[in-house]
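Report on one structure; see the data block that follows.
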Amino acid sequence: MIPYGRQTISTEDESAVLEVLRSDFLTQGPVVPRFEAEVARYAGARFGVAVNSATSALHIACLALELGPGDRLWTSPITFVASANCARYCGADVDFVDIDARTYNMCPDALETKLEQAARDGTLPKVLVPVHMCGQSADMVRIRALADRYGIHVVEDASHAIGGEYGGRKIGSCQYSDITVFSFHPVKIVTTAEGGMCMTNDPRLAKRLQLFRSHGITRDPASMETPPEGPWFYEQQELGYNYRLTELQAALGISQLRRIDEWVARRHEIAAAYDDAFAGLPLTTPYQDVSARSAFHLYVPLIEPAANVARAEAFDRLRAAGVGVNVHYIPVHLQPYYRRLGFRPSDFPRAEAYYSRCLSLPMFASLSDADQRHTIDTVRALFA
Ligand SMILES: *Cc1c(COP(=O)(O)O)cnc(C)c1O
């Protein structure tokens, strides 16, 4: 089965990990800070705080922004559940903003309307989490402007989007957000097996993120609330977690990062070949906004209502032909956990319409021409 996404591992990656394995530090050594500095330089942010997953990164981002019981976080219903769950970990409430039908991202018009209503009702959110779906940036200029109007924090869920650009700058620069989160899961753009990172330009937030990543403990005398009793001294100042990335993972990440631009370029080449091959079929190929350059984590065409094959049948027939298609995502508000919190079908109609028609095709840097050709031939035969 050709997967929809997978990692690309070189002999250099293997050597980088082995070298750390033979060194003195498997965790809490010099490689994680180097990885943080390299991602920060690449993305154009001042600070990077590495953690063991993007899910953990979203959690500590919410903690750093002091999201808690009685507060609200709004995100997109078309995302992985982690973008919403981070609020629940903090005891906060979740709500969603419907998507833009073309970009699949949080719709700024829907956001504006919902904020106006929430301002009247006294139910404004404390944190907004736009998701850069498939690797294409959400409309951050408008989202930031609306957030500023109501004094709301913005966390970009850029799990799909490292290597992408928006307004001429790399995603992760935090030009329009307090914190940006990356994922290094193997299906994403670069991998550390499991892993994630929070980017920020705010030194105070960077300190809080570091605190929450590691038990809420600081060993920095300058940050202590009481005078250190000796060189052994540390303070637990918050209720933090062990969300640390290992040295082995950071070494893999540094090695992977060297090829990111080449990989994103290759993903664009694959997308362009799909776009060309599907012209004339009842498929809407992914819309690309001029203000953004996608990292193309996913390639998601929509099956048009005029097609004589429904999504479920297309899914089965492509899988039967060895094409490992997938569906990203089931709208989060339709999950049983969120239904129990009061969400219902038809709450976010554009997200639900998207879900009924979306199909993720194989998209990863090491996808072979032969495997893409087989995918294209199978799709064309199905929809012709
Ligand atoms: C993958 C993903 C996450 C979670 O990433 P992990 O590193 O697996 O925890 C969060 N949000 C989105 C949009 C994702 O695609």
Side-chain angles (χ1 to χ4, degrees), residues 3-7 35-36 39 48-63 73-90 94 96-97 99 103-106 127-138 140 143 154-164 171-172 177 179-199 209 212-213 241-246 249-250 252-253 256 267 286 294-300 326-333 335 337-338 351 354-355 358 360 363-364:
Y4 83 86
R6 66 156 290 153
Q7 70 277 14
F35 181 44
E36 291 173 333
V39 175
V49 179
V51 285
N52 58 1
S53 71
T55 303
S56 302
L58 287 160
H59 184 190
I60 63 170
C62 290
L63 291 170
L73 174 149
W74 292 3
T75 187
S76 167
I78 296 301
T79 185
F80 185 57
V81 292
S83 318
N85 289 347
C86 55
R88 303 296 300 150
Y89 299 152
C90 301
V94 173
F96 303 93
V97 179
I99 60 165
T103 64
Y104 322 152
N105 281 326
M106 179 184 282
V127 177
L128 283 177
V129 181
V131 180
H132 303 322
M133 182 62 188
C134 302
Q136 176 169 241
S137 179
M140 293 309 299
I143 290 171
V154 178
V155 175
E156 296 172 70
D157 185 345
S159 292
H160 297 185
I162 191 171
I171 303 263
S177 62
I179 296 169
T180 299
V181 167
F182 291 138
S183 171
F184 306 125
H185 183 277
V187 297
K188 307 287 166 69
I189 310 282
V190 298
T191 192
T192 60
E194 295 281 1
M197 200 178 289
C198 290
M199 315 311 298
L209 291 165
F212 284 114
R213 157 181 68 185
Y241 297 82
N242 180 352
Y243 282 167
R244 294 187 300 259
L245 192 73
T246 68
Q249 292 172 295
L252 178 56
Q256 291 257 305
R267 285 170 178 272
S294 180
F296 268 119
H297 162 54
L298 297 172
Y299 183 89
V300 182
N326 218 316
V327 170
H328 299 96
Y329 293 91
I330 302 164
V332 178
H333 68 283
Q335 295 293 350
Y337 173 80
Y338 283 96
Y354 162 89
Y355 167 59
C358 67
S360 304
M363 168 57 93
F364 49 98

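Ligands are counted one by one from 1 in listed order, and the atoms in each one are counted from 1 as well.
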Ligand 1-proximal atoms of His160, by part, heavy-atom distance under 4.0 Å: side chain

Main-chain N/O of Val187 paired to His297 side chain as donor or acceptor, under 3.5 Å: yes

Ligand 1 versus Ala54: contacting region, heavy-atom distance under 4.0 Å: both

Distance-only donor-acceptor check, side chains Arg88 and Tyr337, under 3.5 Å: yes

Residue from Ser76, Ser159, Ser137 passing side chain to side chain contact (heavy atoms under 4.5 Å, CB included) with His132: Ser137

Thr79: numbered ligand 1 atoms lying under 4.0 Å from its heavy atoms: 13 (C)

Residue, atom name and distance, where the atom is the protein heavy atom closest to atom 10 (C) of ligand 1: Ser159 OG, 3.4 Å

Atom indices of ligand 1 within 4.0 angstrom of Asp157 heavy atoms, with elements: 10 (C), 11 (N), 12 (C), 13 (C)

Donor-acceptor side-chain pairing of Tyr241 and Asn52 below 3.5 angstrom: no

Lys188 and ligand 1 - part of the residue with a heavy-atom distance under 4.0 Å: side chain

Parallel, tilted or perpendicular, as decided by the 30° and 60° cut-offs, for the rings of Phe184 and Phe35: tilted

Structural part of Thr55 in contact with ligand 1, heavy atom criterion under 4.0 angstrom: both

Aromatic plane relationship, Phe96 with His333 - under 30° parallel, 30 to 60° tilted, over 60° perpendicular: tilted

Numbering as shown, the atoms of ligand 1 that approach Val131 to under 4.0 Å (heavy-atom distance): 13 (C)

Pair Glu36 + Arg213, salt bridge at N-O below 4.0 Å: yes

Gln249 (side chain) donor-acceptor with Thr246 (main chain) under 3.5 angstrom: yes

Ligand 1 contact by Gly195, heavy-atom criterion under 4.0 angstrom: yes

Side chain, backbone, both or neither: the part of Phe182 lying under 4.0 Å from ligand 1 by heavy atom: neither

Under 4.0 Å to a heavy atom of Ser83 - the qualifying atoms of ligand 1, by number: 11 (N)

Proximity flag Gly196 to ligand 1, non-hydrogen atoms under 4.0 Å: no

Contact atoms of ligand 1, heavy-atom distance to Ser183 under 4.0 Å: 5 (O), 6 (P), 7 (O)

Proximal atoms of ligand 1 relative to Tyr329 (non-hydrogen, under 4.0 Å): 15 (O)

Donor-acceptor side-chain pairing of Glu194 and Ser53 below 3.5 angstrom: no

